[in-house]
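When reading the values below, keep in mind they use all heavy atoms of this one structure, side chains included, and skip hydrogens, waters and symmetry mates. Note that the coordinates shown come from a computational prediction; the quantities given were computed from them, not determined experimentally. Index from 1, following the sequence.
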Amino acid sequence: MDFNELEAIEGLRWPWHSWPTTKPDAASLTIPLAVMCTPLTQFSELPILPYDPLTCSQCGAVLNPYARVDYTYRIWFCPFCFFKNPFPRTYSSSLGESNLPAELFPNYSSVEYAKTVNSSVSNTIGPSLSSSSLSSMTSSKTTMLAGEVGVRGPAFVFVMDGCLEEEELRAVKGELLRVVEQLPESALVGLVTFDAMVNVYDLGFSECSRVVVFHGDRELSSEQIQKFLGFGGPKLQQLGKGPAIQNQSFLLPISECKFNITSAIEELRSSAQVTPGHRPQRSTGAAISTALGLLEGCLVNTGSRIMVFTSGPATLGPGIVVDSDLGNTIRNHRDLINGQAPYYRKSSSFYKRLSQRLCNSSVVLDLFACSLDQVGAAELKVPVESSGGFMILGESFESDQFRKCMRHIFSRDEEGNLKMYFDATIEIVTTKDVKICGALGPCISLQKRNNLVSENEIGDGGTYMWKLGTLTSKTCIAFFFQVNDEHKPQPGAAFMIQFITRYRHGNMGVRKRVTTAARRWVAKQSPETPAGFDQEAAASVMARLAIHRAETCHARDVIRWLDDTLIRFASKFGDYVQEDPSSFRLSSNFSLYPQFMFYLRRSQFLDVFNSTPDETAFFRLMLNREGVMDSIVMIQPTLLQYSFDGPPVPVLLDIRSISPDVILLFDSYFYVVIHYGSKIAQWRKLGYHKDPNHENLRMLLEAPELDAGQLVAERVPPPKLVKCDQHSSQARFLLAKLNPSVTQDSTYTDGSDIIFTDDLSLQVFIDHLQALAVQG
C-alpha cells in the first residue's frame with residue numbers, strides 16, 4: 001500500500017488504515033486512532049461545483065459517493081445515519097446511473113462547492129453533469145465562479161515597531177510600500193506604530209499626518225479603544241447581510257487612502273531614544289490589542305490580518321517580556337522551569353485571552369521578528385498558532401528571508417486574487433461507531449457538541465467543529481478518534497469520516513471543500529492491522545502529542561512517556577522469543593518507527609538545550625501545522641552524499657557518513673547544510689574547480705548548491721543555508737544531528753570522525769529497546 005499515493009487522492013494520512021472494534025483493542029495499539037488531514041490539498045483533479053452542497057437533514061453529512069441512491073423515487077440514503085433524503089427539484093429529471101452529479105462520482109473523494117453569482121446558472125449546471133462538463137470544472141480556471149458582489153476585504157493592519165534601526169526600518173518600509181501598491185482596490189488597510197506609546201493613523205485625513213495616541217502601559221478593552229477612536233456602538237446587522245463597515249477613517253479601502261497610507265509609511269522615522277544601560281521602550285501587547293480593537297469595531301467579516309514587525313521584546317504594558325533595564329536578562333528555559341521569569345505567566349495569559357478574541361473576529365496574527373536577541377515569540381505563540389498566522393524569526397529585515405516571506409504571503413493566483421483563505425471552519429461527521437476526541441494544529445475549538453463527540457478530549461476537543469483564522473494548501477491538522485463501543489462495530493463492516501471545510505476564497509466568495517473517506521473494522525489479531533500501519537503518519541501524530549505534552553510537562557517526563565509507548569509498541573508488534581533480545585525482529589512495516597522515535601527524543605522539539613524559548617516556540621509551531629512528509633524531515637533530517645562515483649545517494653544520518661572526499665547535503669527543514677569533506681574543501685581553496693581540466697570537480701561542487709537552492713526556494717519561511725568545511729566551527733549544525741555511533745569512548749573508530757558526546761547511539765537505543773520489549 002503506497003500511502004503517499006493514497007494521500008494524493010484523499011488528502012489524508014492514517015497511522016492505522018484498519019481499526020479494531022473495541023476500545024481495549026484500540027488502546028493496545030499504543031498509537032491512537034488518528035487522521036492527519038490537509039483540508040485544502042492541491043489535487044490534480046478537483047471538481048469545483050457551482051451550487052450549494054446537498055446535506056442530510058438529520059446528521060448534516062454532505063452527499064458523497066458512498067450514498068445509496070434510488071433513482072426511481074429520486075431519494076438518497078445517507079451512509080452516516082441511513083436517513084432517507086429527497087433530491088431537490090433543481091436536480092436534473094434525467095438523474096440516473098449514467099447521469100450522476102459530480103459528488104456521486106466514485107473517483108472523487110473530495111469535491112469543492114463554490115456557488116455562482118448568477119443563481120440561474122446553478123440551476124442549469126449544478127444537478128446534472130456530464131463527463132465533458134465536469135472536466136471543464138476540474139481545470140484551475142473557474143471563471144464562472146465569482147466572489148460575493150460588493151464585499152470589501154480582506155483587511156490588513158500593519159503594526160510597526162517604532163524602535164527599529166534606520167536601516168531595518170527602511171527595509172520594512174520598502175516591503176510595505178510594495179505590498180500597498182499591489183493590494184486589490186477593495187482591500188482595507190490600517191497603520192499602527194508603537195514604542196512607549198501606540199499610534200493609530202487616521203488615513204482619511206489628508207491635510208497632515210493625524211494619529212490617535214494610546215499609552216502603551218495600559219490594557220484597554222475593545223470598547224474603550226473604539227470609544228477613544230471615536231466610533232463603535234451597537235453591532236446592528238440586517239438579516240441575511242453581513243455587518244457594514246462603520247463610519248470611521250482608520251481602516252479604509254486602499255482605493256480611498258492609497259496616497260495617505262503611502263505617505264504615512266514613507267514618513268515613518270525611528271523613535272528609538274535609548275537610555276544608556278536600558279532597552280528601548282516597546283508596548284507590543286498594547287499595540288496588538290489596539291489593532292484588534294480597531295478591527296472588532298469596524299466589524300470586518302471577510303477575514304483580517306494583523307501583521308506585526310518588531311526587532312525586540314516588549315518592555316512595558318500588557319504582554320511585557322522583560323523590563324527595560326539591561327541588568328535583567330531576558331528569560332531562558334531554565335528560568336521558565338524554575339519559575340524565575342516574572343512576566344511570563346501573566347503575559348502568556350494576556351495573549352491567550354487575545355487569541356479567543358482573534359478567533360471570534362476571524363483575525364489572523366502574524367509575527368515578523370528580526371533581531372539577534374529574543375523578542376517574546378514564546379509568549380505570542382498561542383495567538384499566532386491558533387489563528388494560523390506566520391511566525392518568522394530572523395536576524396535582519398534586510399535579509400532575503402523576510403522579503404521572500406512577504407512576497408509569498410501576498411502572492412496571487414491566475415485570476416489575480418490573493419492566495420489567502422480566511423475565516424475557515426472544519427466540521428467532522430462520522431458514522432455512529434466512531435467518536436471524535438479532538439484536534440492538534442492551528443485551530444481552536446468552537447465547543448459544539450453532539451452525540452458523536454467523546455468525553456475523552458485530546459488537544460482541542462469537546463466539539464465536532466473547529467475554527468481557523470486562515471489556512472493554506474499545506475496546513476495540516478491531526479484529528480483524534482475513538483471506538484464507540486455502544487454500537488458494537490463488526491469486523492469487516494465499513495466506517496466513514498467526512499471533513500467539511502468552509503472557507504472564504506481569495507475572491508471573497510465562500511467555498512466548501514468536502515472530503516469523505518471510508519475504512520474497515522477488523523478483528524483483534526487481524527493481519528490487516530499491521531499491513532495498514534503508516535510509520536511516517538504515526539511518527540507525525542506522536543510528535544504532535546509529545547510537543548502538546550511538553551507545553552505543560554517537563555521534557556524528561558515527555559521523553560519517558562515516549563519511551564514507555566515505544567516499548568509497549570515493540571512488545572506488541574515484534575516477533576521474538578520471550579527473554580531473548582537477540583531473537584527480536586520487527587517487520588518492514590514497523591522497522592523505521594523506533595528510528596523516528598530515537599531522533600524525536602533528540603530533536604529540538606523536546607531537547608531544548610542550546611535553544612531559546614522563542615526558538616522552541618517557533619520550532620513547535622511549525623511542526624504542529626506541517627504535513628507528514630515535512631514533519632518527518634523535521635524529526636529525522638535527510639542526508640545526501642555527492643561524490644565522483646555517480647549521482648547523489650541518500651546515506652545514513654550517522655557520523656560514519658562523513659568522509660574527506662565527499663560532499664554532504666543535510667536538510668533538517670529549518671537548516672540546509674552543505675558540508676565539504678576536508679579534501680574537497682582543500683581542492684576548492686586551491687581553485688582546482690576553475691581549471692578546465694577539472695570540470696568534474698566543478699560539477700561536483702555545483703550539484704549540492706543547485707539542490708540546496710531548490711530546497712530553500714520551495715519552503716516558507718525559507719531555511720537557513722549553511723556552507724561549511726569538515727572540522728570547521730559551522731560543521732556543528734550537521735554534527736549535532738548525526739547519530740553518535742563513534743564517540744570519544746569508542747574503541748574502534750575505523751578512521752571515522754568522532755562526536756564528543758554522552759548521548760546514546762541508535763544501536764545502543766535499539767539494543768535497550770529489544771531487551772525491554774522481550775520481557776513480556
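Here the closest heavy-atom approach between residue Phe481 and residue Cys437 is recorded as C-SG, 3.7 Å. Cys405 and Val716 get closest at one heavy-atom pair: SG-CG1, 4.2 Å. Of all the heavy atoms in Val577 and Ser583, the pair that sits closest is N-OG, 2.8 Å. In terms of heavy atoms, Leu365 sits closest to Pro383 at CD2-CB, 3.9 Å. Met36 and Ala478 get closest at one heavy-atom pair: SD-CB, 3.5 Å. Across Val633 and Tyr669, no two heavy atoms sit closer than the pair CG1-N, 3.8 Å.
The CG atom of Leu367 sits 8.5 Å away from the CG atom of Asp614 when rounded to the nearest 0.5 Å. Atom CD1 of residue Ile567 and atom CD of residue Gln775 lie 8.5 Å apart, to the nearest 0.5 angstrom. Distance check: Ile426 CD1 to Ile500 CD1 gives 11.0 Å after rounding to the nearest 0.5 Å. The line from OG1 of Thr565 to CE of Met597 is 9.0 Å long, rounded to the nearest 0.5 Å. The distance from the NE2 atom of His548 to the CG atom of Asp460 is 7.5 Å, given to the nearest 0.5 Å. Taking CD1 of Ile497 as the start and CZ of Phe80 as the end, the distance is 8.5 Å to the nearest 0.5 Å.
Gln535 places no side-chain N or O within donor-acceptor distance of the main-chain N or O of Phe533, the cut-off being under 3.5 Å. In this structure, the side chain of Asn739 engages the main chain of Leu762 through a donor-acceptor pair within 3.5 Å. The backbone N or O of Ile547 lies less than 3.5 Å from no partner atom in the side chain of Arg620, so there is not a single donor-acceptor pair. For Thr743 (side chain) and Thr757 (main-chain N/O), no donor-acceptor pair under 3.5 Å exists by modelled atom type. Judged purely by atom type and a 3.5 angstrom limit, Glu528 has no side-chain atom pairing as donor or acceptor with the backbone of Ser18. Asn484 places no side-chain N or O within 3.5 Å of a backbone atom of Lys435 that could act as its donor or acceptor partner. Ser371 places no side-chain N or O within 3.5 Å of a backbone atom of Val375 that could act as its donor or acceptor partner. Distance alone, capped at 3.5 Å, places no donor-acceptor pair between the Ser571 side chain and the Arg568 backbone. For the pair Arg602 (side chain) and Leu738 (backbone), a donor-acceptor distance under 3.5 Å is present. With hydrogens and angles disregarded, no donor-acceptor distance shorter than 3.5 Å links the side chain of Tyr503 to the backbone of Leu40.
Looking at Gln401 and Phe368, their side chains never come closer than 4.5 Å, going by heavy atoms from C-beta outward. Using a 4.5 Å heavy-atom cutoff, the side chains of Gln578 and Val774 are not in contact. Side-chain contact between Pro20 and Thr529 is absent, with no heavy-atom pair separated by less than 4.5 Å. Proximity of Gln770 to Asp767: side-chain heavy atoms (C-beta onward) are separated by under 4.5 Å at one or more points. In this structure the side chain of Ser603 never reaches within 4.5 angstrom of the side chain of Met634, judged on heavy atoms. At a threshold of 4.5 Å between non-hydrogen side-chain atoms, the residues Glu385 and Asn624 count as touching. Counting heavy atoms from C-beta outward, Leu606 and Leu562 have side chains that approach closer than 4.5 Å. Side-chain contact between Phe495 and Thr430 is absent, with no heavy atoms from C-beta onward closer than 4.5 Å.
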Side chain to side chain contact (heavy atoms under 4.5 Å, CB included) between Val382 and Tyr351, worked out: CA-CA 7 Å; Val382 170; Tyr351 283 122; 5.7 Å; no
Intermediate values then yes/no, side chain to side chain donor-acceptor pair (under 3.5 Å), Asp433 and Thr431: CA-CA 6 Å; Asp433 40 14; Thr431 44; 2.7 Å; yes
Trace of the side chain to side chain contact (heavy atoms under 4.5 Å, CB included) decision for Phe480 with Leu545: CA-CA 11 Å; Phe480 296 86; Leu545 285 168; 3.9 Å; yes
Arg601 and Asp563: CA distance, side-chain angles, deciding distance, salt bridge (charged side-chain N to carboxylate O under 4.0 Å, His left out) verdict: CA-CA 9 Å; Arg601 294 168 87 259; Asp563 290 346; 2.7 Å; yes
Steps toward salt bridge (charged side-chain N to carboxylate O under 4.0 Å, His left out) verdict (Arg519, Glu10): CA-CA 12 Å; Arg519 294 294 186 272; Glu10 295 181 331; 2.8 Å; yes
Intermediate values then yes/no, side chain to side chain contact (heavy atoms under 4.5 Å, CB included), Val672 and Leu665: CA-CA 7 Å; Val672 173; Leu665 178 61; 3.7 Å; yes
Ser588 and Ser591: CA distance, side-chain angles, deciding distance, side chain to side chain donor-acceptor pair (under 3.5 Å) verdict: CA-CA 5 Å; Ser588 58; Ser591 57; 5.9 Å; no
CA sep, side-chain torsions, deciding dist, call: Trp16, Leu33, side chain to side chain contact (heavy atoms under 4.5 Å, CB included): CA-CA 7 Å; Trp16 303 103; Leu33 305 178; 4.1 Å; yes
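Within 6.0 Å of NZ in Lys474 there are more than 12 heavy atoms belonging to other residues, nucleotides or ligands. For Lys572, the NZ atom counts as densely surrounded, since its 6.0 Å shell holds more than 12 non-hydrogen atoms of other residues, nucleotides or ligands. By the neighbour-count criterion of 12 heavy atoms within 6.0 Å, atom CG of Asn338 is densely surrounded, having more than that number from other residues, nucleotides or ligands.
No side-chain donor-acceptor contact under 3.5 Å links Arg449 and Gln447. Between the side chains of Arg345 and Ser349, no donor-acceptor pair is found at a separation under 3.5 Å. Side-chain atoms of Asn456 and Ser454 form no donor-acceptor pair, as typed in the model, at a separation below 3.5 Å. A donor-acceptor contact closer than 3.5 angstrom links the side chains of Thr516 and Gln498.
Evaluation of the ring pair (Phe, Tyr, Trp, His ring centres under 6.0 Å) rule for Phe598 yields Phe765 as partners, not counting sequence neighbours. Residues that satisfy the side-chain hydrogen bond (donor to acceptor under 3.5 Å, both in side chains) test with Thr616, not counting sequence neighbours, are His333. Phe390 pairs by the ring pair (Phe, Tyr, Trp, His ring centres under 6.0 Å) definition with nothing, not counting sequence neighbours.
Taking the six-membered ring for Trp and thresholds of 30 and 60 degrees, Phe590 and Phe573 have nearly parallel ring planes, at less than 30 degrees apart. Taking the six-membered ring where the residue is Trp, Phe584 and Tyr576 present parallel rings, their angle staying beneath 30° rather than reaching 60°.
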